[in-house]
Amino acid sequence: MATSKLLSYLFLQLTFLLFVLDLANAQGGLNVGFYAKSCPKAEDIVKKVIFQTISTTPSLAAPLLRMHFHDCFVRGCEGSILLNSSTNQAEKDAIPNLSLRGFQIIDKAKSALEKACPGVVSCADVLAITARDVVSALNGAHWNVETGRRDGRVSNITEAFMNLLPPTANITILKAGFARKGLSAKDLVVLSGGHTIGTSHCTAFSNRLYNFTGKGDTDPTLDPNYIARLKLKCKPNDQRTLVEMDPGSFKTFDQTYFTLVSKRRGLFQSDAALLDDSETKAYVQSHAAAVGKSSFFKDFGVSMVNMGRIGVLTGNAGEIRKVCSKIN
């Protein structure tokens, strides 16, 4: 009887161990608190840099958030967007809504980490932690960040163009692009909510104002009154003017983006496209009022974690860069 109980106990332990291993593998080897022993103050160090930055320059929150998004969608979340090669400089120039100052802030956080824990925390993880902290600094969502990523050694402009979804994308292209990364339609609409902060150059949406089908017309899916307001700011061929993506609230992380989209005032075609799918439209409409704020915040954290698992390098793959802009 004792032997039977012992075998049953060992079987249960083995089953649990296999479950844990499967779970770790499913998450790409990432886990919350990865640096608890090797660099216990890692997240606090990054948070200090980010909160100090956003307290004085809140406009940097959007570029810093989008750096993580662009990094994950181009090669996977491996910090490659930070590499300072000639190819990557072209990539940086080609990607909208990024900022040289944003790259400098990441460098500042990494430098502080290197002083505390040399060669321990990856640049890819700095991007992931930063994305969470800039949102929190704007009184937005907060979530536990999975860490344990390692840094890649390659940056490729061609991959940037192939993998980044343009602001002109329709719902079919958007859903397919997210599906290729293992993300759902819900992830698409939730992460689009990140457009509640930040600005955009007129060039990203001017075709909707002046030449939507090549006949000097406007986009019929965009509110005519909003078109008139945008035309006051963006003249034809204007390549310099910046426009708030969530007017009146572009420095506050909230759910008002969905209010705008529901009123046909999403700035980009990709915003308007969310009304062309039953699932994404339902989410937009149900979160267009203030009562949707708490559930959006919860969903945003979940979708950011999902996105943060794309194509990660873990274990002995890649490296831990000493400086984010160059490989070791």
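How far OG of S184 is from NZ of K175: 10.0 Å, rounded to the nearest 0.5 Å.
Side-chain contact between S200 and L267 is present, with at least one heavy-atom pair separated by less than 4.5 Å. Between L260 and K263, every side-chain heavy-atom pair lies at or beyond the 4.5 Å cut-off. When side chains are defined from C-beta on, M67 counts as touching I106, because their heavy atoms get closer than 4.5 Å. In this structure the side chain of C39 never reaches within 4.5 angstrom of the side chain of F34, judged on heavy atoms. A 4.5 Å side-chain heavy-atom check between Q269 and N207 finds at least one atom pair inside the cut-off. With a 4.5 Å cut-off on side-chain heavy atoms, C202 and Q239 do not count as touching. Inter-residue side-chain proximity for V190 and Y283 is flagged as met; some heavy-atom pair is nearer than 4.5 Å. Annotation: side chain of F73 is in contact with side chain of F178 (closest heavy-atom distance under 4.5 Å).
Checked for salt-bridge contact, D223 and R264 miss the test: no charged N lies under 4.0 Å from a carboxylate O. Under 4.0 Å is where a charged nitrogen must lie from a carboxylate oxygen, and between D299 and K186 at least one such pair does. One finds no salt bridge joining R150 and E319 here, because no Lys/Arg side-chain nitrogen approaches an Asp/Glu carboxylate oxygen to under 4.0 Å. The pair D133-K47 fails the salt-bridge criterion, with no side-chain N (NZ, NE, NH1 or NH2) lying under 4.0 Å from an Asp/Glu carboxylate O. Salt bridge annotation for E244-K251: absent, with no cationic side-chain nitrogen under 4.0 angstrom from a carboxylate oxygen.
By the 6.0 Å contact criterion, NZ on K322 is open, its count of non-hydrogen atoms from other residues, nucleotides or ligands being 12 or less.
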Start with the C-alpha gap between F253 and F296, add the side-chain angles, then the distance that decides, and say whether ring-ring contact (aromatic ring centres under 6.0 Å, His included) holds.
-> CA-CA 11 Å; F253 194 95; F296 166 55; 5.7 Å; yes
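Between F297 and H142, a ring centre-to-centre spacing not shorter than 6.0 Å is recorded.
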